[in-house]
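Sequence lines set the chain letters: A, B, ... in the order given, protein chains first and strands last, and positions in each chain run from 1.
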Amino acid sequence: MVLLARGFYFERIGLMSQNYSSLELNRLEKLRRLRQRGMEPYPTRAERTHTSQQAIQAFESAEASEQSEKVVVTLAGRIRSMRPMGKITFAHIEDGAGRIQLFLRANEIGEEQLEIFNREFDLGDFIQASGEMFRTRTGEITLRVASFRMLAKAITPLPPAKDEVVDGEVIQHATLSETELRYRQRYADLAVNPDVRRIFRIRAATVRALRNFLDERGFLEVETPVLQPIYGGAAARPFITYHNQLKQELYLRISFELYLKRLLVGNLERVYEIGRDFRNEGVDRTHNPEFTQLEFYCAYADYLQVMELTEQMISYTAQQVLGSTTITYGGHTIHLDPPWRRLELRQGILEVTGIDFAQHPTAESLAAAMKAKDIPVDPNATRGKLIDSLLGDYLEPTLIQPTFIYNYPRDISPLAKSMPGDPSMVERFEGYVGGMELCNAFTELNDPLDQEARFLEMGRDYAADDEERHPMDEDYLRAMRYGMPPNGGFGMGIDRLAMLFTDSPNIREVILFPHLRKEE
RNA sequence: GGGCGUGUAGCUCAAUGGCAGAGCAGUGGCCUUUUAAGCCAUUGGUUGAAGGUUCGAGUCCUUCCACGCUCACCA
């Protein structure tokens with residue numbers, strides 16, 4: 001039966017090989033009948049005079065004016081429910097603004113038209129309908145359909161086929177919940193899960209608010225290369241690609257830092273970039289191979305001023321996007337208003353582990369102290385890496401309320417300026433919210449001779465095959481030798497901020513098309 | 001990469017080693033103010049893939065695939 005039908009369609013419409021389900025074959029048959037009955041299932045143009053919300057508002061104001069003027073509209077949207085009841089049919093369509101009910105009656109549009117609607121139209125189809133607005137017996141503002149047509153027939157049914165709207169809230173009685181399907185077919189996820197659409201509206205508003213904040217303070221938005229001959233600015237393994245004509249290996253950037261700071265050499269005092277970084281590393285709930293980063297650099301600022309700017313920027317953004325500086329994340333109520341708690345890294349680690357790393361000036365000594373407390377130690381780690389692991393394993397999970405951890409060891413911060421009086425430490429902070437690292441900033445190193453020494457240190461301390469080893473960037477040093485103003489720099493993962501603002505436990509929830517293994 | 005878990009109809013889920021099922025959607029019918037419409041009837045399956053144990057496997061075993069959680073890794 002199915003084979004016969006399939007063969008019929010290959011012949012009839014020239015379909016390419018495709019395993020249509022029986023539900024899809026049903027709809028293909030409806031599509032054929034529509035054409036036969038003179039209704040094009042994929043017309044070139046659509047008309048619309050009102051969105052669903054505009055139509056409802058227009059009707060409400062007409063009602064209020066007591067002149068009972070007719071409100072005639074043409075709506076367009078996607079069928080989300082159908083209730084045929086003999087000679088009448090109720091349906092809801094959904095557009096970008098919301099949902100609205102349609103009412104079709106045989107003695108107004110004719111029995112044949114009603115039959116076409118009931119028989120050939122399905123949930124998920126995009127349609128257009130015109131008529132006059134009215135209020136049903138139960139009070140719902142509804143379009144009395146005088147004419148309608150198909151705008152785009154849906155062959156594949158949308159996943160959860162049933163839900164209702166109560167007081168404007170969509171209540172789903174069946175939900176597309178399988179994570180893999182939701183990510184692989186994000187279009188279907190978006191089409192049926194309003195909460196998912198909301199996440200990406202919040203994400204877009206977040207980026208807009210960050211831009212506003214920086215633009216208002218005289219920052220210039222710039223774009224720097226994604227394809228770079230030398231990667232740098234972070235400790236991460238890069239993606240490698242190749243330019244055929246130049247016969248040259250190129251790296252997808254792992255940060256914007258070195259290019260943005262070159263711009264400070266060029267007298268651009270305040271710059272920022274919002275764009276994509278790529279890191280060829282593990283994927284987990286807070287890491288995606290490509291992610292969106294905000295970096296800014298501000299001449300004549302130090303890390304303490306950047307700290308103040310950061311807490312202002314995040315609370316401003318929350319206020320703009322969510323209308324509040326109090327958010328809920330993972331069951332925690334988090335207050336983003338400034339000032340944020342400030343905790344020196346040394347003090348923080350001392351509090352959670354009892355280890356004062358200032359008492360252990362060498363990796364060997366610190367490793368011994370950690371072993372004494374049964375903390376696992378990577379034998380090849382530098383002192384800085386050991387401190388960083390204590391931070392990540394013991395301190396980070398405790399930092400639910402916004403906290404700036406500041407003053408970091410020099411050897412894991414090759415681009416940050418040393419602290420006056422303590423050459424083993426640098427002026428650097430990281431912002432933590434919800435137990436998650438959100439941002440990273442420092443007083444930028446602008447001494448070309450010190451910078452060169454740092455690159456050389458990285459070369460010594462990291463094994464030659466360590467892909468996090470920071471490569472020497474001669475052009476960056478050349479730029480710095482022209483003179484780079486003292487400046488404070490800042491980097492933040494936009495995806496993580498979007499996670500906080502949408503209470504999403506997984507970074508994939510805030511990325512439209514997250515990376516998954518290829519199918520099959 | 002390791003550990004744990006999941007994978008059954010379009011969707012959400014059942015099924016002690018013993019006939020693969022339900023709700024929704026779909027299809028046919030009744031129904032002129034419904035809204036998870038209702039009522040009657042009905043279609044739909046390579047149980048993620050391959051192999052094995054067994055009289056008999058959705059269920060037990062092995063391998064593989066995908067996803068989730070977690071650990072490792074990861075500024």
Side-chain angles (χ1 to χ4, degrees), chain A residues 1-2 20-27 29-30 80-92 99 101-108 111 114 118-119 122-124 134-140 142 144 155-166 170-184 188 192 233-237 254-255 257 277 279-289 376 378 384-385 387-389 391-393 396 405 408-409 412-416 428 430 437-442 467-468 470 491 493 505-506 508 514 516-520:
Chain A
M1 188 63 187
V2 168
Y20 288 107
S21 70
S22 61
L23 298 187
E24 290 170 325
L25 289 169
N26 259 333
R27 288 173 176 229
E29 175 60 19
K30 294 180 182 194
R80 293 311 306 273
S81 68
M82 286 177 80
R83 292 176 296 283
M85 305 174 50
K87 295 292 191 290
I88 63 169
T89 290
F90 287 94
H92 276 92
R99 290 191 188 204
Q101 183 167 256
L102 307 184
F103 175 64
L104 298 89
R105 194 152 66 149
N107 56 5
E108 284 163 3
E111 294 206 8
L114 186 65
N118 288 345
R119 187 166 151 87
D122 287 300
L123 300 182
F134 78 112
R135 205 179 268 277
T136 63
R137 193 173 290 170
T138 54
E140 182 165 349
T142 300
R144 185 187 304 277
I155 304 298
T156 305
L158 288 173
K162 205 138 210 189
D163 51 22
E164 64 174 322
V165 179
V166 177
V170 175
I171 298 174
Q172 298 193 313
H173 297 281
T175 306
L176 176 63
S177 62
E178 195 184 318
T179 318
E180 184 182 354
L181 196 63
R182 287 186 46 232
Y183 295 156
R184 286 199 198 280
V192 301
R237 296 164 60 180
I254 58 173
S255 85
E257 173 150 2
D277 272 342
R279 297 187 183 176
N280 205 341
E281 288 170 347
V283 177
D284 64 28
R285 56 175 281 272
T286 56
H287 295 83
N288 194 62
D378 172 1
K385 280 199 162 188
I387 292 170
D388 198 39
S389 70
L391 164 61
D393 294 344
E396 177 170 350
I405 301 294
Y408 280 67
I412 55 169
S413 314
L415 304 166
R428 170 180 174 184
E430 290 182 319
E437 181 195 338
L438 183 64
C439 59
N440 180 24
F442 26 91
E467 283 165 295
E468 285 186 23
H470 213 295
N506 194 307
R508 288 174 163 178
L516 300 175
R517 281 195 178 77
K518 64 180 178 185
E519 290 181 87
E520 293 162 341

Interatomic distance, H287(A) NE2 vs A75(B) P [rounded to whole Å] | 8 Å

Would you call E111(A) and L114(A) a side-chain contact if the rule is heavy atoms closer than 4.5 Å?
-> no

Establish, with yes or no, whether the OP1 or OP2 oxygen of U27(B) is under 4.0 angstrom from a side-chain nitrogen or oxygen of K30(A).
-> yes

Euclidean distance for P, U47(B) against A41(B) (whole angstrom) | 29 Å

Distance, rounded to the nearest Å, where D378(A) contributes CG and A72(B) contributes P | 12 Å

Grab the CZ-P distance between R80(A) and A25(B) for me, whole Å please.
-> 14 Å

Roughly, in whole Å, what's the span from CG in L181(A) to C1' in U12(B)?
-> 13 Å

Mind checking Y408(A) for me? I need base, sugar-phosphate or nothing, with any heavy atom below 4.0 Å counting as a touch.
-> nothing

Which is true for D284(A) with a 4.0 Å heavy-atom rule: it touches a base, it touches only sugar-phosphate, or it touches nothing?
-> base

Does a donor on one side chain and an acceptor on the other come within less than 3.5 Å for R428(A) and N440(A)?
-> yes

Lys/Arg N to Asp/Glu carboxylate O, D378(A) vs K385(A), below 4.0 Å = no

Quantified in whole Å, what is the C1' atom distance between nucleotide G56(B) and nucleotide G7(B)?
-> 24 Å

Donor-acceptor under 3.5 Å (E257(A) side chain, A234(A) main chain) = no

Centres of the Y408(A) and F442(A) rings: under 6.0 Å?
-> no

Would you indicate what R119(A) reaches in the nucleic acid, counting non-hydrogen atoms under 4.0 angstrom: base, sugar-phosphate, or nothing?
-> sugar-phosphate

Is the distance from OP1 or OP2 of C69(B) to the nearest side-chain N or O of N506(A) less than 4.0 Å?
-> yes

Base U33(B) paired with T138(A) side chain (donor-acceptor, <3.5 Å) = no

Distance-only donor-acceptor test, R83(A) side-chain atoms vs U34(B) base atoms, 3.5 Å = yes

Between A25(B) and C74(B), how far apart are the C1' atoms? Round to whole Å, please.
-> 44 Å

Heavy-atom donor-acceptor pair, D388(A) side-chain to A75(B) base, under 3.5 Å | no

Euclidean distance, atom CD of residue E437(A) to atom P of C74(B) [Å, nearest integer] = 14 Å

Side chain E140(A) and base U33(B) donor-acceptor under 3.5 Å | no

NA contact type, L516(A), heavy-atom cut-off 4.0 Å: base, sugar-phosphate, or nothing?
-> sugar-phosphate

Respond yes when some side-chain nitrogen or oxygen of R144(A) is under 4.0 Å from OP1 or OP2 of U33(B), and no when none is.
-> no

What is the distance from CZ of F442(A) to P of A75(B), rounded to the nearest Å?
-> 13 Å

I155(A) atom CD1 is separated from G10(B) atom C1', nearest whole Å, by 14 Å

Just to confirm, is there a sub-4.0 Å distance from OP1 or OP2 of C67(B) to any side-chain nitrogen or oxygen of R517(A)?
-> yes

Whole-Å distance between C11(B) P and L23(A) CG?
-> 10 Å

